[in-house]
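Labels below follow one simple rule: chain letters A, B, ... track the order of the sequence lines, proteins then strands, and each chain is numbered from 1.
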Amino acid sequence: MTMRLSRYFLPLLRDTPKEAEIVSHRLMLRAGMIRQQSAGIYSWLPLGLRVLNKISNVIREEQDRSGAIEILMPTIQSADLWRESGRYEAYGKEMLRIKDRHDRDMLYGPTNEEMVTEIVRSYVKSYKDLPLNLYHIQWKFRDEVRPRFGVMRGREFLMKDAYSFDLDKDAARHAYNRMFTAYLRTFARLGLKAIPMKADTGPIGGDLSHEFIVLASTGESEVFCHSDYLNFETPAADTDFDSVAGLQGVFDKWTSLYAATEEMHDKAAFEAVPEDKRVSARGIEVGHIFYFGTKYSEPMGAAVAGPDGQPVLLHGGSYGIGPSRLVAALIEAGHDEGGIVWPDEIAPFDVSVINLKAGDAATDGAAEQIYKHLLAKGYDALLDDTDERPGGKFATADLIGVPWQIIVGPKGLAEGKVEIKRRAGGERELVSLEAALDRFKGRVA
RNA sequence: CGGAGCGUAGCGCAGCCCGGUAGCGCAACGGUUUUGGGAACCGUGGGUCGCAGGUUCGAAUCCUGUCGCUCCGACCA
């Protein structure tokens, strides 16, 4: 996908709207990624939508790799389902309740355990159909008392939620480990160092609930962990997700050292970590996984026939990642004075070709040649063909954070050269036009 | 839900205390000169002052109500 900036819709803001407090919110507004429509509710503009979709695709690929199967459930749900689980009364004001024209109680789903359990109980009848993990990527609504920080804590948010169904707790643990491993891979691909931290399991108990936390100075909560986690190796792409022992190994390794959020913090255990390895920082929760056993299958009657023909209640778990929140988390983790610095894999564009003198035959020709080349090689390229001044173009490119800039100006071109700039480090290199083309041989997916 | 604020042009703000019919910077539009890190000059357009009621000869300004939004706290993917 390529785009000419002169014909694109990129409403940049030079000044920061006053309501934006944290850097990701400020930059998302300035870069024309989102538009607030109501407290905690946003429209996604072209640049923001591109990033959101790229994140969702990485999540989707890793969910699929782990064996989860994508579906799509509706945003609006019937209250009856929630009455079955007892959560219609229990949920409180965070749930947005609405009535349809027939005066039936409906709601805008804050999550989908009841609905997916309804689907599974009506079709899955045998232990042979297990294990099963269904996920979807859908908009959710939680009527937070106080939405804030832009899309970091919105009321409407995009969420990938997966739901696993197994015959017993041991099988459910393997399902949990599959998601645990998939999450490690997902966050690594997004360029994030996410550390699984033990989370409150509520009434279920056990050790099967983890929050995945990204360290960031603007994080919402205090976290404590062992610094070796930051250098742990990510599970490989060819990880065998059917290997019970293999995935248990991944889980054991990634839970071997101390890591806890403020709520779960154990001072004594943290003191046992060597002093030079103690990390005390702020963190952003980007994922949350947990096992809940028969919490929904029991009241909703979701059972299959076991090997002996007797009914067995399904053991479930659910696993969430918020793509819309991740957009903000990625900016919190990657920005500088000039603007956003996207990781390569989820940047809205791979390369920005900057024609410093639009209208000049030489720069127009060279910029066009490079742009067409990138298109042919499968890159997402943005061509800045506007008649803005060079300074403005540089500022725009830096603000929106495209990883590579190819700068085509009359001075360099007079010697047959263009400049390649890396957004992240700011390194610039003057190379021949041919060398520049040769540098971008094809996008590695 | 407690506490504190703010709604005046696309964005940032002044004007409000002390009522007299709206202004500044940026952005936009037209023009001239510019052109390698957010140019200069000249000109132009754009606002039922959140909304409703009240006081007054007259309300952005004073009073009442209402809606929206933000920040701090408690709560949450």
### Query
Hey, does Leu356(A) reach any base, or is it just sugar-phosphate, or nothing, if we go heavy atoms under 4.0 Å?
base
### Query
Does C6(B) have OP1 or OP2 sitting under 4.0 Å from an N or O in the side chain of Lys18(A)?
no
#### Entry: Ile59(A), Asp64(A), Asp161(A) screened by side-chain contact (heavy atoms from CB on, under 4.5 Å) with Tyr135(A), the one that passes
Asp64(A)
### Task
Please give the nucleotide sitting opposite C18(B) as a Watson-Crick or G-U wobble pair, both distances under 3.5 Å, or none.
none
#### Entry: A52(B): pairing nucleotide in any strand, Watson-Crick or G-U under 3.5 angstrom
U64(B)
### Message
When both hydrogen-bonding distances must be under 3.5 Å and the geometry is Watson-Crick or G-U wobble, what is G45(B) paired with, if anything?
### Response
none
### Task
May I ask you to say what Asp398(A) touches in the nucleic acid, namely base, sugar-phosphate or nothing, with a heavy-atom cut-off under 4.0 Å?
base
### Message
Side chain of Glu94(A) only, heavy atoms from C-beta on: which candidate in G38(B), U70(B), C76(B) is closest?
### Response
C76(B)
### Message
I want to verify a distance call: between G37(B), G38(B), C11(B), whose nearest atom is closest to the Arg30(A) side chain?
### Response
G38(B)
### Message
Taking the minimum atom-to-atom distance to the side chain of Glu419(A), which one of G36(B), C75(B), C26(B) wins?
### Response
G36(B)
### Query
Of the nucleotides C76(B), G36(B), A74(B), which one has an atom closest to the side chain of Lys411(A)?
G36(B)
### Message
Output the rounded distance in Å from CD1 (Ile137(A)) to P (A77(B)).
### Response
19 Å
### Task
Could you tell me whether Thr111(A) contacts a base, only the sugar-phosphate backbone, or nothing, with contacts defined as non-hydrogen atoms closer than 4.0 Å?
nothing
### Task
Please work out if Gly150(A) contacts a base, only the sugar-phosphate, or nothing of the nucleic acid, heavy-atom cut-off 4.0 Å.
nothing
### Message
Once you apply a heavy-atom cut-off of 4.0 Å, does Lys93(A) come out as touching a base, just sugar-phosphate, or nothing?
### Response
sugar-phosphate
### Query
Strictly under 6.0 Å, is that where the ring centroids of Phe180(A) and His210(A) end up?
yes
### Task
Please answer whether G38(B) and Phe394(A) are stacked, defined here as ring centres separated by less than 5.5 Å and planes angled under 30°.
no
### Query
Between His288(A) and Phe290(A), is the gap from one ring center to the other below 6.0 Å?
yes
### Base G37(B) to side chain Arg428(A), donor-acceptor N/O within 3.5 Å cut-off
yes
#### Entry: hbond_proxy Arg389(A) side chain to U34(B) base (donor-acceptor, 3.5 Å cutoff)
yes
### Message
Within the 4.0 Å heavy-atom criterion, would you say Ser324(A) contacts the bases, only the backbone, or no part of the nucleic acid?
### Response
nothing
### Message
If you assign each of Glu285(A) and Leu430(A) to its closest nucleotide in RNA chain B, which residue comes earlier from the 5' end?
### Response
Leu430(A)
### Task
Check every atom of C71(B), G12(B), A77(B) against the side chain of Arg142(A) and return the nucleotide holding the closest atom.
A77(B)
### Query
Is Lys193(A) close enough and on-axis enough to Tyr229(A), meaning under 6.0 Å and within 45°, for cation-pi?
no
### Query
Has the side chain of Arg146(A) got a donor or acceptor that lies under 3.5 Å from a partner of the other kind on the base of C75(B)?
no
### Per Arg325(A) side chain, nearest of listed nucleotides A77(B), G36(B), A27(B)
A77(B)
### Task
Quick one: label Gly412(A) by what it contacts on the DNA or RNA (base, sugar-phosphate, nothing), any heavy atom closer than 4.0 Å.
base
### Thr396(A) vs G38(B): side-chain N/O to OP1/OP2 distance below 4.0 Å
no
### Query
Does G37(B) have a Watson-Crick or wobble mate here (both distances under 3.5 Å), and if so which one?
none
### Query
When you compare C49(B) with C24(B), how far apart are their C1' atoms, in angstrom units rounded to a whole number?
16 Å
### Task
Remember a base hit wins even if backbone is also touched, and classify Gly391(A) as base, sugar-phosphate or nothing at under 4.0 Å, heavy atoms.
sugar-phosphate
### Task
Under 4.0 Å between any heavy atoms, over every strand shown, what does Gly409(A) touch: base, sugar-phosphate, or nothing? Just pick one.
base
### Query
So what does Lys160(A) hit on the nucleic acid, given a heavy-atom distance under 4.0 Å: a base, only sugar-phosphate, or nothing?
nothing
### Query
Taking CG from Leu13(A) and P from A27(B), how many angstroms apart are they, rounded to a whole number?
13 Å
### Task
Measure from the side chain of Glu388(A), starting at C-beta and using heavy atoms only, and say which of A74(B), G38(B), C11(B) lies closest.
G38(B)
### Test of ring centre spacing under 6.0 Å for Tyr379(A) and Phe440(A)
yes
### Task
Just name whichever nucleotide pairs with A59(B), Watson-Crick or G-U, keeping both distances under 3.5 Å, else none.
none
### Message
Suppose you measure atom C1' in G15(B) against the same atom in C62(B); what distance do you get, rounded to whole Å?
### Response
16 Å
### Query
What integer distance in Å separates Arg423(A):CZ from G37(B):P?
17 Å
### Message
Determine whether the aromatic ring centres of residues Trp82(A) and Tyr91(A) are separated by less than 6.0 angstrom.
### Response
yes
### Task
Please check the phosphate of G68(B) (OP1 and OP2 only) for any side-chain N or O of Gln36(A) closer than 4.0 Å.
no
### Task
Tell which nucleotide pairs with G5(B), taking only Watson-Crick or G-U wobble pairs whose two distances are both under 3.5 angstrom.
C69(B)
### Query
What is the distance from CG of Asp15(A) to C1' of C11(B), rounded to the nearest Å?
5 Å
### Query
What residue among Ile420(A), Val353(A), Asp398(A) forms side-chain contact (heavy atoms from CB on, under 4.5 Å) with Gln405(A)?
Asp398(A)
### Query
In terms of side-chain heavy atoms of Leu399(A), which of G12(B), U35(B), G38(B) is nearest?
G38(B)
#### Entry: Span that lies between the P atom of A9(B) and that of U66(B), in whole angstrom
25 Å
### Query
Using purine N1 to pyrimidine N3 plus N6-O4 or O6-N4 for Watson-Crick, or N1-O2 and O6-N3 for G-U wobble, each under 3.5 Å, what pairs with C26(B)?
G10(B)
### Task
Run the ring-centre check on Phe165(A) versus Tyr296(A) and record whether the distance is less than 6.0 Å.
no
### Query
Quick check, are the ring centers of Phe224(A) and Phe270(A) under 6.0 angstrom apart?
yes
### Contact nearer the 5' end of RNA chain B, comparing Glu220(A) with Asp387(A)
Asp387(A)
